[in-house]
Enquirer: 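For reference, the structure I am asking about is given below.
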2 protein chains.
Amino acid sequence: MRLRDETKERTIREKAIEMIVREGFDGLSMQKLAKAAGVSPATIYIYFQDREDLIRQIYYEEMLAMSAETLAGFDPGMHFEEGMRVQWMNRARYCLKYPMRMHFMEQMRHSPFHEKFQGDARNPFSVAMKTFVLNAIERKELIQLPLEVYWSVAYAPLYQLIKFHQSKTGMPGWGKFVLDEKTLEKTLELVLKALKP
Amino acid sequence: MRLRDETKERTIREKAIEMIVREGFDGLSMQKLAKAAGVSPATIYIYFQDREDLIRQIYYEEMLAMSAETLAGFDPGMHFEEGMRVQWMNRARYCLKYPMRMHFMEQMRHSPFHEKFQGDARNPFSVAMKTFVLNAIERKELIQLPLEVYWSVAYAPLYQLIKFHQSKTGMPGWGKFVLDEKTLEKTLELVLKALKP
DNA sequence: CAAAAATAAACGAACGTTCTTTTATTTAAA
DNA sequence: TTTAAATAAAAGAACGTTCGTTTATTTTTG
């Protein structure tokens, strides 16, 4: 019995991400992907049921990887400020280390795929986050607010900053923006100021 | 000479947005669009050069409409808190009034089209925004910070909140989230707390 | 040799776009 | 006032291409 060449699946996954980032979901065709991965179109269908399953699987894998990296060194029982700092640094590090994957996820999250796949995506992440927030509120290290408001104030600015950083042109009319350690830290301070009692 | 039926172009544009929101850029095909708009495929090419031009034109139109609505009742010389409040309410109103268009724009902004079209998109918006921020800093109503940091802290939370509101399922594991006037106002207060000296 | 991996070639369907024709409307000569 | 030429809008059918996927076959390795 012939064994699977696991590098083939990896290559397919990576090339798919590249294609989607470069040309959007429009640009992801199975035949072009096969060519890019140096593989026959039929081979893709050994590893994935169909095009949608391919996208779904990449999405799940990426979600897990991001969650894991985000929760590294994090404990839901941590003090608020420390926990926030760990998460900010983890997220920033991941996004800057894997800009392709990050871009892919951003594209995913704003496409109709997101709602379609969300139901069966069980990231270990929401639970930890919820516990962390409730703890922090109880300890009076964080003001009382709905989870969605917390999320919006706590992390949306970070992702927007990263998007500015990764944008080639920056804001139209403004120059190129570079996100350095200091700016990151300063922005985190602002967010903490908003959220602490 | 036969006159143009202007309703045709409007219908095409609206159906295109609907299709993109429902099925993504993948799902936008010229033939399906023609059928949905009750028009011959060839007719679309009277109004638009090609598929990409169609998307580009819709994008520009939407950008202008959003900018206009966002700047309604706004003056770059306004005091910081008042200006922020006007912009928050304007943006929120627009997004909640036209969820389709908003969704279309979000999908646009995170697709490769965005960088492609950004160069020639001149929204009247950046200038007003820049002036407003510089004024506010000079008056010491706003702390000193880069424009990108300001933008990230000031508006990213708002858009994230709106996305929660419009998401059918809400955060996975949490319930459905409804954005009411009071939550909006509360969140704005938090952001102001972060940004004021 | 058995069996799964991998392929090349091919399938019908759908794609973006164009070609040809028809329809509606204006213009202006009769 | 009638009517025919002129013209752009609009339609329908078709173009060649590429799409996602499958079938039939070969290759590889336990």
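Labels below follow one simple rule: chain letters A, B, ... track the order of the sequence lines, proteins then strands, and each chain is numbered from 1.
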Enquirer: By side chain to side chain contact (heavy atoms under 4.5 Å, CB included), which residues pair with B/Leu33, not counting sequence neighbours?
Expert: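 Residues passing side chain to side chain contact (heavy atoms under 4.5 Å, CB included) with B/Leu33: B/Ile12, B/Lys15, B/Ala16, B/Met19, B/Leu28, B/Ile44, B/Leu54.
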
Enquirer: Below 30° counts as parallel, above 60° as perpendicular, anything between as tilted: where do the rings of B/Phe80 and B/Phe132 land?
Expert: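 If you compare the ring of B/Phe80 with that of B/Phe132, the planes turn out parallel.
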
Enquirer: Do B/Val127 and B/Tyr155 share a hydrophobic cluster, counting only Ile, Leu, Val, Met, Phe, Trp and Tyr and linking them when any side-chain heavy atoms are less than 4.5 Å apart?
Expert: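 No; B/Tyr155 is not reachable from B/Val127 via cluster members.
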
Enquirer: What's the NZ-P distance between B/Lys32 and C/dA14, to the nearest Å?
Expert: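 Between P of C/dA14 and NZ of B/Lys32: 10 Å.
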
Enquirer: Quick one: label A/Leu28 by what it contacts on the DNA or RNA (base, sugar-phosphate, nothing), any heavy atom closer than 4.0 Å.
Expert: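 Touches sugar-phosphate only.
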
Enquirer: Rounded to whole Å, please give me the gap between CG in A/Asp50 and C1' in D/dC19.
Expert: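 The answer, rounded to whole Å, is 14 Å.
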
Enquirer: For the residue pair B/Arg4 and B/Tyr47, would you count it as a cation-pi contact if the rule is NZ or CZ under 6.0 angstrom from the ring centre and within 45 degrees of the ring axis?
Expert: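 Pair B/Arg4/B/Tyr47 counts as cation-pi.
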
Enquirer: Not counting sequence neighbours, which residues clear side chain to side chain contact (heavy atoms under 4.5 Å, CB included) with A/Arg10? List them please.
Expert: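 Side chain to side chain contact (heavy atoms under 4.5 Å, CB included) check on A/Arg10 returns A/Arg13, A/Glu14, A/Glu61.
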
Enquirer: In the 5'-to-3' direction, what one-character label does each nucleotide of nucleotides 5-13 of chain C receive under the scheme B = base within less than 4.0 Å of a protein heavy atom, S = sugar-phosphate only, - = no such atom?
Expert: BBBB-----

Enquirer: Between C/dG16 atom C1' and B/Asp26 atom CG, what is the distance in whole Å?
Expert: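 B/Asp26 atom CG is separated from C/dG16 atom C1' by 15 Å.
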
Enquirer: State the NE2-CE distance between A/His103 and A/Met105, to the nearest 0.5 angstrom.
Expert: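 Between atom NE2 of A/His103 and atom CE of A/Met105 there are 13.5 Å.
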
Enquirer: To the nearest angstrom, how far is A/Glu23 atom CD from C/dC15 atom P?
Expert: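 Between P of C/dC15 and CD of A/Glu23: 18 Å.
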
Enquirer: How many whole angstroms separate atom CG of A/Leu33 from atom P of D/dC19?
Expert: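 Going from A/Leu33 (CG) to D/dC19 (P), I get 11 Å.
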
Enquirer: How close or far is atom P of C/dG16 from atom CG of B/Asp53, stated in whole angstroms?
Expert: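 In whole Å, C/dG16 P lies 15 Å from B/Asp53 CG.
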
Enquirer: Whole-Å distance between D/dT22 P and A/Phe48 CZ?
Expert: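 The distance from CZ of A/Phe48 to P of D/dT22 comes to 15 Å, rounded to the nearest Å.
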
Enquirer: In whole Å, I'd like the distance from the OH atom of A/Tyr45 to the P atom of D/dT21.
Expert: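 Those two atoms, OH and P, are 3 Å apart.
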
